[in-house]
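One-based numbering along the sequence shown. Everything numeric here is computed off the predicted structure, so don't read it as measured data.
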Amino acid sequence: MRTVYSGELHVHYGQFYVDSRRDDGCDPAGWDVRAGQANGLCGAAVPGHLFLTTGLHTGRVGLTVEVHGTRPPLDDAWEEVVEASFRPASPSTVVLPWGDGPLCTLELPPADHRVRYCGRGMDRGREEERAVLEGGAPVDHYLLQFWPAPPGPDLVVRQTSRSAAYWHRHARSLPPPPSPRERAEAERRRRAEQREAERTARERAETLAWGGRLPSRRLREVGGNARGLVPLDRDLLDAVDAADPAVQRTIARWAARRAFDAAGLTDVDWIAPALAALERGDGLPAPFDDPQRVWDRFFADDRITHTSVDSLDGRHDNLLQQAMAMPALLAAAEPDPLRAALDALFAAAVTHGTDYPDLFARARREFPALRRAHPRPRPAEATGHLGAGGAEPT
């Protein structure tokens with residue numbers, strides 16, 4: 001015999017626990033821990049978990065915990081005695097006070113055991129709670145004994161108190177717990193519902209992030225500044241997505257040209273050849289074959305006039321317009337025609353600042369494919385306000 005613990009235990013709500021589940025939780029898994037039992041003092045209906053009832057509601061009780069190799073003899077000093085089967089769910093089996101950490105660890109192997117729960121003074125514990133709370137010695141005492149044994153029905157071995165009789169009647173009034181198959185089905189449904197709730201939450205978050213309706217797969221995967229166009233003109237974004245690749249490529253070149261026109265860069269001697277190559281569909285000449293060299297050349301050229309433009313949201317009025325335009329040319333040369341069109345349009349929009357609606361209106365006049373109508377989101381879908389977004393090119 002091994003005495004694991006002998007001392008006092010603080011209880012609340014007349015209960016404490018033995019738990020071997022890895023989360024050390026005390027949740028009775030959705031049904032009463034005494035379901036289907038004859039005894040109401042040692043609830044063993046939840047696998048790997050025991051729910052122990054005391055006479056005292058709140059305060060200190062005496063507790064001894066023992067582990068035996070075989071069935072121990074029964075001491076006549078105990079007024080209440082019940083037994084139940086218990087199989088640890090893991091090697092870590094602990095005694096848990098209510099709302100507190102482990103009191104002791106039993107170190108039981110994960111095999112079938114029998115548990116005997118004994119008590120005395122249960123009625124006194126309920127009647128003399130105030131004295132215990134005011135510092136008096138515990139009046140109800142309990143014994144937990146474990147030993148290896150095959151599974152069997154729970155038993156009321158001895159019952160003398162009104163408290164024990166009440167809990168035994170309660171246990172016998174309960175329906176039996178769900179079968180293993182029913183528990184597995186309930187867990188399957190719970191997991192399916194959780195997955196569906198998570199999917200719905202992700203879809204709702206994505207819907208809001210994309211301006212009230214979900215994007216196509218191509219838009220979701222294209223990257224770049226596609227998301228930056230959402231708060232500017234979602235219908236235009238979808239129309240570009242729906243256009244033929246050849247049209248997308250033409251839109252990209254057109255947007256780059258509009259950005260450079262607005263910034264006064266079209267006639268700069270080392271930029272003009274790159275614009276011409278872009279419109280021919282040729283590779284960009286140096287220095288546009290190296291983005292770092294482009295920026296070095298840009299900032300070193302004191303012939304370039306510097307003008308300011310407002311940010312898209314109107315919060316800033318000191319963006320360098322020429323720097324905002326430069327990414328449009330590199331964007332328009334992207335291998336993916338959809339990304340080229342979207343990134344070039346975004347760069348052109350930033351170059352135009354708060355005048356970007358005029359740029360987009362001109363794009364629709366220039367390209368009939370961009371005039372297609374798109375359904376507006378239903379009120380239930382458009383539940384959030386999206387301000388101007390997207391990163392400014394630098």
If hydrophobic clusters are built by linking Ile, Leu, Val, Met, Phe, Trp and Tyr wherever their side-chain heavy atoms come under 4.5 Å apart, do V4 and F16 end up in the same one? yes
Looking at R339 and A226, would you say the former's side chain and the latter's main chain have a donor-acceptor pair under 3.5 Å? no
Under 3.5 Å, is there a donor-acceptor pair linking the side chains of T207 and R213? no
Once rounded to the nearest 0.5 Å, what's the spacing between atom CG of L342 and atom CG of L237? 5.5 Å
Rounded to the nearest 0.5 Å, how far apart are CG of L74 and SG of C118? 6.0 Å
Trace of the side-chain contact (heavy atoms from CB on, under 4.5 Å) decision for L9 with V61: CA-CA 5 Å; L9 166 72; V61 301; 4.1 Å; yes
Any side-chain heavy atom of L63 sitting closer than 4.5 Å to one from E8? no
Between D140 and R60, does at least one N-O distance fall below 4.0 Å, as a salt bridge requires? no
Kindly check if the number of other-residue, nucleotide or ligand heavy atoms within 6.0 Å of CZ (R181) is above 12? no
With a 3.5 Å cut-off and no angle check, do the side chains of Q321 and T307 form a donor-acceptor pair? yes
Between OH on residue Y5 and CG on residue L144, distance to nearest 0.5 Å: 12.0 Å
Should the pair F51 and H49 be assigned to parallel (<30°), tilted (30 to 60°) or perpendicular (>60°) ring geometry? tilted
Looking at CG of L329 and CD1 of I271, how far apart are the two atoms once the value is rounded to the nearest 0.5 Å? 8.0 Å
Would E127 and R162 count as a salt bridge (charged side-chain N to carboxylate O under 4.0 Å, His left out) here? Give the steps. CA-CA 12 Å; E127 294 162 359; R162 296 186 306 276; 2.7 Å; yes
Would you tell me whether W270 and D301 have side-chain atoms, one donor and one acceptor, within less than 3.5 Å of each other? yes
Please confirm whether the ring centroid of F146 lies under 6.0 Å from the ring centroid of H68. no
Would N318 and S308 count as a side chain to side chain donor-acceptor pair (under 3.5 Å) if you check the C-alpha gap in whole Å, the side-chain angles of each, and the deciding distance to 0.1 Å? CA-CA 5 Å; N318 59 348; S308 296; over 6 Å; no
Using atom types as modelled and distance alone, determine if a side-chain donor or acceptor of R34 lies under 3.5 Å from a backbone N or O of G40. yes
With a 4.5 Å limit on heavy-atom distance, are the side chains of L330 and P291 in contact? yes
So how far is it from F360 CZ to D233 CG, rounded to the nearest 0.5 Å? 6.0 Å
Side-chain donor-acceptor pair present, Q248, D244, cut-off under 3.5 Å: no
Is the backbone N or O of E83 less than 3.5 Å from a side-chain atom of D154, with the two atoms forming a donor-acceptor pair by type? no
Tightest non-hydrogen contact, residues A340 and A332, listed as CB-O, 3.7 Å
Flag yes if Y17 and V65 sit in one hydrophobic cluster, no otherwise; membership is Ile, Leu, Val, Met, Phe, Trp, Tyr, and two members link when side-chain heavy atoms are under 4.5 Å apart. no
Positive for side-chain hydrogen bond (donor to acceptor under 3.5 Å, both in side chains) with Q194, one of E198, E196, R191: E198
Indicate yes or no: does R87 engage D112 in a salt bridge with an N to O separation below 4.0 Å. yes
Say whether T160 and E80, considering side chains only, have a donor N or O and an acceptor N or O under 3.5 Å apart. yes
Salt bridge check, D76 against R158: does any charged N sit closer than 4.0 Å to a carboxylate O? yes
F346 versus V350: any side-chain heavy-atom pair under 4.5 Å? yes
With side chain to side chain donor-acceptor pair (under 3.5 Å) as the criterion, how do R126 and T54 come out once you've worked through the C-alpha distance, each side chain's angles and the decisive distance to 0.1 Å? CA-CA 9 Å; R126 182 170 297 276; T54 63; over 6 Å; no
Short N-O contact, D235 and R364, less than 4.0 angstrom: no
Non-hydrogen side-chain atoms of Y13 and T58 separated by less than 4.5 Å: no
Please determine if D261 and R258 form a salt bridge, counting it only when a charged side-chain N lies under 4.0 Å from a carboxylate O. yes
Report yes if some heavy atom in the side chain of Q322 is under 4.5 Å from a heavy atom in the side chain of T351; otherwise report no. no
Apply salt bridge (charged side-chain N to carboxylate O under 4.0 Å, His left out) to residues E221 and R217 and explain how you reach the verdict. CA-CA 6 Å; E221 297 174 352; R217 182 175 178 179; 3.0 Å; yes
Counting only N and O atoms by type, is there a donor-acceptor contact under 3.5 Å from the side chain of N39 to the main-chain atoms of C42? yes
CG-CG distance between L96 and D19, expressed to the nearest 0.5 angstrom: 6.0 Å
Side-chain heavy-atom pair P368, L370 within 4.5 angstrom cut-off: no
With heavy-atom distances below 4.5 Å as the criterion, would you say the side chains of Y117 and L143 are in contact? no
Using modelled atom types only, decide if a donor and an acceptor are shared between the side chain of H113 and the backbone of A111 within a distance under 3.5 Å. yes
pair L312-L232: side-chain heavy atoms closer than 4.5 Å: yes
Shortest non-hydrogen contact between A137 and V132, atoms and distance: O-CG2, 3.9 Å
Given the rule that I, L, V, M, F, W and Y join up when any side-chain heavy atoms are under 4.5 Å apart, are L345 and V309 in one cluster? yes
May I ask you to check whether H168 and H170 place their ring centers less than 6.0 Å from one another? no
Does G152 offer a backbone N or O that forms a donor-acceptor pair with the side chain of R114 under 3.5 Å? yes
Donor-acceptor pair, distance only, cut-off 3.5 Å: does the side chain of S20 make one with the backbone of P88? no
Answer yes when E193 and R189 have at least one side-chain N-carboxylate O distance shorter than 4.0 Å, and no when they do not. no
Residue among R253, R257, R249 satisfying salt bridge (charged side-chain N to carboxylate O under 4.0 Å, His left out) with E279: R257
Is it possible for you to say whether W98 and L56 belong to one hydrophobic cluster, with membership spreading through side-chain heavy-atom contacts below 4.5 Å? no
Answer with yes or no whether the hydrophobic clustering places V247 together with V240; edges join I, L, V, M, F, W, Y residues whose side-chain heavy atoms lie under 4.5 Å apart. yes
Does the pair R190/E187 count as a salt bridge with the N-to-O cut at 4.0 Å? yes
Within the 3.5 Å criterion, strictly below it, is a donor on S161 or E79 matched to an acceptor on the partner's side chain? no
May I ask you to decide whether R199 forms a salt bridge with E203, counting only side-chain N to carboxylate O separations under 4.0 Å? yes
